[in-house]
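Values in this document were obtained by computation on a predicted structure and should not be read as measured data. Chain naming here is simple, since letters A, B, ... match the order of the sequence lines and numbering starts at 1 in each.
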Amino acid sequence: MTASSRPGTTRLIRHAPGHSPGVFTSRTRPMSRYTAADIEPKWQQAWDEAGIFTATRDETKPKYYVLEMFPYPSGRIHMGHVRNYTMGDVISRYKSSCGFSVLHPMGWDAFGMPAENAAMAQGGHPGTWTYDNIKTMKGQMKPLGLSIDWSREFATCDPEYYGQQQAMFIDFMEKGLVYRKNATVNWDPVDMTVLANEQVIDGCGWRSGAPVERRDLTQWFFKISDYSGELLDALDGLDNWPEKVRTMQANWIGRSQGLQFSFERVDGSDGIEVYTTRPDTLMGASFVGISPDHPISKALEAENPEIAAQLVEMRKGGTTAEAIETAEKLGYDTGIRVKHPLNPDWELPVWIANFILMDYGTGAIFACPAHDQRDLDFCRKYDLPVKDTFLSLDDPKPVENEAFVPPKTEKVKWVDHFAGLDEATGEEAIEATVKFAEQAGWGKGVEQFRLRDWGLSRQRYWGCPIPVVHCDECGVVPEKKENLPVKLPEDVSFDVPGNPLDRHPTWRDCACPSCGKPAKRETDTMDTFVDSSWYYARFTSPHAATPTDLEEASYWMNVDQYIGGIEHAILHLLYSRFFARAMNICGHLPEKAREPFNALFTQGMVTHEMYVGSEKIEAGEDAETADGTPAKLVWHARPVYYYPEDVVRFEDSGKPMAFSKKDVEEEGLDPNDTSSLIRWWRAQDELDPSDEPKRLRVYPSAKMSKSKCNVVDPVNIIDAFGADTARWFVLSDSPPERDVEWTASGAEAAAKHLSRVFATAVKIADMDDADGNDEELLRAMHKAIHDVTMGIESFGFNAAIAKLYAYQNAVSKSKAGGKAQKLAMRTMAQLMSPMTPHLSEEIWSMLGGEGLVAQAAWPIADEAMLVEDTVTLPIQINGKRRAEISVPKDMAKDEVEKLALAEDAVVRALDGKAPKKVIVVPGRIVNVVV
RNA sequence: GCCCAAGUGGCGGAAUGGUAGACGCAGGGGAUUCAAAAUCCCCCGAUGGCAACAUCGUGUGAGUUCGAGUCUCACCUUGGGCACCA
């Protein structure tokens, strides 16, 4: 019945008439062995010719927009890209099979510093570097067979794109969403540019890593802080975002509720506004503190050199985490006195204190040392009074050198207060106090946010020019929209630091859009995060003459599934959420797109073992060591990283061993002969255990990085195994949100599996269409359909792949008739097609599938086939499995119970007594309690 | 310091409150081969036992439940985020 498998013989490959793109007929060499290099280009061409990835607006179908975070064109794709885009591709292809009209675009986040750095280092123009890189990377991505609509591709450095960004900037200006102000900014001394607060990490530039300096500059800002409350509240609705990302954004926006009020000055001049989240501790006030950058501090500084000197000292403090932790509290008594709002006879001193930030709240506070550690440290240092306002109920002792700061939900006893009960929680007391102050009219409850406006000016060349003009007569005027784009000049040099636009001989010169007189262009360009804040919207109409085409945007938005790295949890995603709102206000996006990403998935990294050896190096001849020995006699080791391909790796009793391939070959050993390698290594170990310079240390799971040499180039993998293997591997093994460790054996296992599937398909294609013995296989098929579908739907790609392994085992062992086997194998092709699209097409056509598998409707599992007629029920005794019985699936409960109680193990356990209780869960389990 | 997430074999990891360890890797045994590679088949948590089987077992300790990897509380460890934000 089953035709014998004859490897090496050619086979006829059938395909349905009428569904044959040209490439089908050109197929000349049916294969018996899986050769990705032959299969993959062929099907990519077939997809191209059929144009199946071109997104088309089809009002009769539901739409689905899949987006992966677009790449920076650094020059080469890496495994992280492969993993990211493969996940998106699985979703995209799956949704397409399910009947959705899918949009799956790709573009380039192309502005930014590296292009300028390259220009500085090796000459040339940043644009040339960027577009060359894009070409290379696109060339590397194409072989992956991604279902991307390349007709929508753009780079953010295309004038068509950034021109629309400029148009939108002008719209934002009109709506009051952009403004210019003089501000103390974060200046990166290496990149010679300004950074947003979000881009300063531990006091250092996010890109350069250099400690950030403070500078006063006139800068452009987006009014993102107007949306603090909305951006925070809307997080609750983002059910399909990772909890982690929502928490990070909520912390970043940082809402607090408090009381704002003014301390009247004893000398009658303007009062001092303060903000506090603990107004209930007002009776414990010790002094009023103002920031060194507070207007009062600045005024005093101008007239008093002693204060000026003190302030220089106070502002010095570093911004790094350790610096803040160890920073000493510094203060200066201004001599100013203010009145306590509840008792005009109670005077408080006003101190300038280095720990008070100007840009949070009002830049001024009242200090309650008993219940705030910072205030307490300050008061102890300058010998200011410390007064308890409440005590612990359990341990009511006054504060010494540790402030008493219980959770706001803990009930405490109040010793001095003016509103609320004698025993109350902090929360209750705060509420009562705010109410009291508002009624008395001296204060009001306010909401404060940590989020500040987004400074977007950058003093760089390779970015989107800010489309405004500075006119002596008219001031700052937006460029006319018909003059857009304001293009970057081509003739620039990077031989000196600073902004080439500033020193360009003519680029700045222009006519004032308002009065027509000679004027100067703005030379700042936009932060590159602006470019990535709306690209998802542009993809819906990438060639429109306006930023978006509202009709297209209304159809395609929102992004149904966004996929990217966790590193963008705050910056990019917060800015994009703001931009979507601003674009809605300007009419570029529909109301529903104010929250642009319906679902977000953050994928893990691809890691690889790291191989580290050491090299003994001689110190410089002139150097001397501490004890005076000439340095050239001193040896020390320097870590040396090895590329995986230069390493011979094997395991000795499960312990990973690695040696440099060069060393092994010099020893005259065969790198593939593990047993002699182990003998060699063990012998070496016994002879001279102290000297093992040749053995490399193996560190697992390090993020792939060029400097650590633990990179695997996707191009090499595709050359060696094919795209389908690379795709299959990055999805298997680890859950997508976690890191996946790239291992050579894992990649080989993936390749082997695909070969097995192919071989099974070849064998089945040769069978005749006989019936018989089909039941078991059909059940396995429907179970696979069910399980794989569930896996994809829930982002459990690794689980879906495991089910496909199991299904392959079932199919290859099946004794069913040819007809059933062919159906089973076609279904295999369909279920695998989101992950391994090329191999799936090959198998599909080999087995007479109609058209392209990429266009076939996703199979639906028959529920009836998922339930077995007879089930194996485990029998538990007191919750421990002790036996099992096989029964018809719908056997009555008491029948099952009778059978269970007759089991040997149960009889033994009962020892003649009656069971206390018997639980029968139909089709699941029986538990006997004795 | 505050907030969040995760701890399961030698390894990556599966498990709607219902047979813990699916699937893969590594390892062991066998078939095929002159031999090897490739391929195919079997075994593979720990302890005891020739075996049937028994006992233990999902970071630690308690709890809820007929039944807990899964739910609750406390703790430990690791990873991540925030942090002089009043």
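- Centroid-to-centroid, the aromatic rings of A/Phe601 and A/Trp241 stay 6.0 Å apart or farther.
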Review point. Would you write out the dot-bracket form of RNA chain B, 5' to 3', with Watson-Crick and G-U pairs under 3.5 Å, [ ] for crossing pairs, | for pairs to other strands and . for unpaired bases?
Key: (((((((..(((.....[....))).(((((.......))))).((((....))))..(((((..]....))))))))))))....

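- Every residue two or more places apart in sequence or in another chain that forms a side chain to side chain contact (heavy atoms under 4.5 Å, CB included) with A/Ala810 is listed here: A/Ala780.
- Map A/Ser256 and A/Val740 each onto its nearest nucleotide of RNA chain B; the residue landing nearer the 5' end is A/Val740.
- Listed by residue number, the members of residues 914-927 of chain A with any heavy atom below 4.0 angstrom from RNA chain B are A/Lys917, A/Ile919, A/Val921, A/Arg924, A/Ile925, A/Asn927.
- Between B/G18 and A/Arg881, no contact under 4.0 Å exists linking OP1 or OP2 to a side-chain N or O.
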For residues 274-281 of chain A, which side-chain donor-acceptor pairs fall under 3.5 Å, sequence neighbours excluded?
{"unit_1": "A/Tyr275", "atom_1": "OH", "unit_2": "A/Ser256", "atom_2": "O", "d": "3.2"}
{"unit_1": "A/Tyr275", "atom_1": "OH", "unit_2": "A/Ser256", "atom_2": "OG", "d": "2.7"}
{"unit_1": "A/Tyr275", "atom_1": "OH", "unit_2": "A/Gly258", "atom_2": "N", "d": "3.4"}
{"unit_1": "A/Thr276", "atom_1": "OG1", "unit_2": "A/Arg278", "atom_2": "N", "d": "2.9"}
{"unit_1": "A/Arg278", "atom_1": "NE", "unit_2": "A/Asp280", "atom_2": "OD1", "d": "3.1"}
{"unit_1": "A/Arg278", "atom_1": "NE", "unit_2": "A/Asp280", "atom_2": "OD2", "d": "3.4"}
{"unit_1": "A/Arg278", "atom_1": "NH2", "unit_2": "A/Asp280", "atom_2": "OD2", "d": "2.9"}
{"unit_1": "A/Thr281", "atom_1": "OG1", "unit_2": "A/Arg278", "atom_2": "O", "d": "2.8"}

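- Within 4.0 Å of A/Thr276, counting heavy atoms only, lie sugar-phosphate atoms of the nucleic acid but no base atom.
- Side-chain to base pairing of A/Lys803 with B/C23: no donor and acceptor N or O lie closer than 3.5 Å to each other.
- Between A/Asn809 and B/A22, a side-chain N or O to OP1/OP2 separation shorter than 4.0 Å is absent.
- Near RNA chain B, meaning a heavy atom under 4.0 Å from it, residues 357-372 of chain A has A/Leu357, A/Tyr360, A/Ile365 in order of number.
- Centroid-to-centroid, the aromatic rings of A/Phe797 and A/Phe795 come within less than 6.0 Å.
- Remark: A/Lys444 fails to qualify as a cation-pi partner of A/Phe261 under the 6.0 Å distance and 45° angle criteria applied to the six-membered ring.
- Counting to the nearest Å, the P atom of B/U78 and the CG atom of A/Asp739 are 18 Å from each other.
- Base contact: A/Ile356 has a heavy atom under 4.0 Å from a base atom.
- Distances from the side chain of A/Arg882 to the nucleotides B/U55, B/C41, B/C3 place B/U55 closest.
- Near RNA chain B, defined here as any heavy-atom distance below 4.0 Å, the residues from residues 781-800 of chain A are A/Asn798, listed numerically.
- By the 30° and 60° cut-offs, the orientation of the rings of A/Phe378 relative to A/Tyr382 is tilted.
- The residue among A/Thr277 and A/Ser745 whose nearest nucleotide of RNA chain B is located toward the 5' end is A/Ser745.
- A ring-centre distance under 6.0 Å is not found for A/Trp351 and A/Tyr332.
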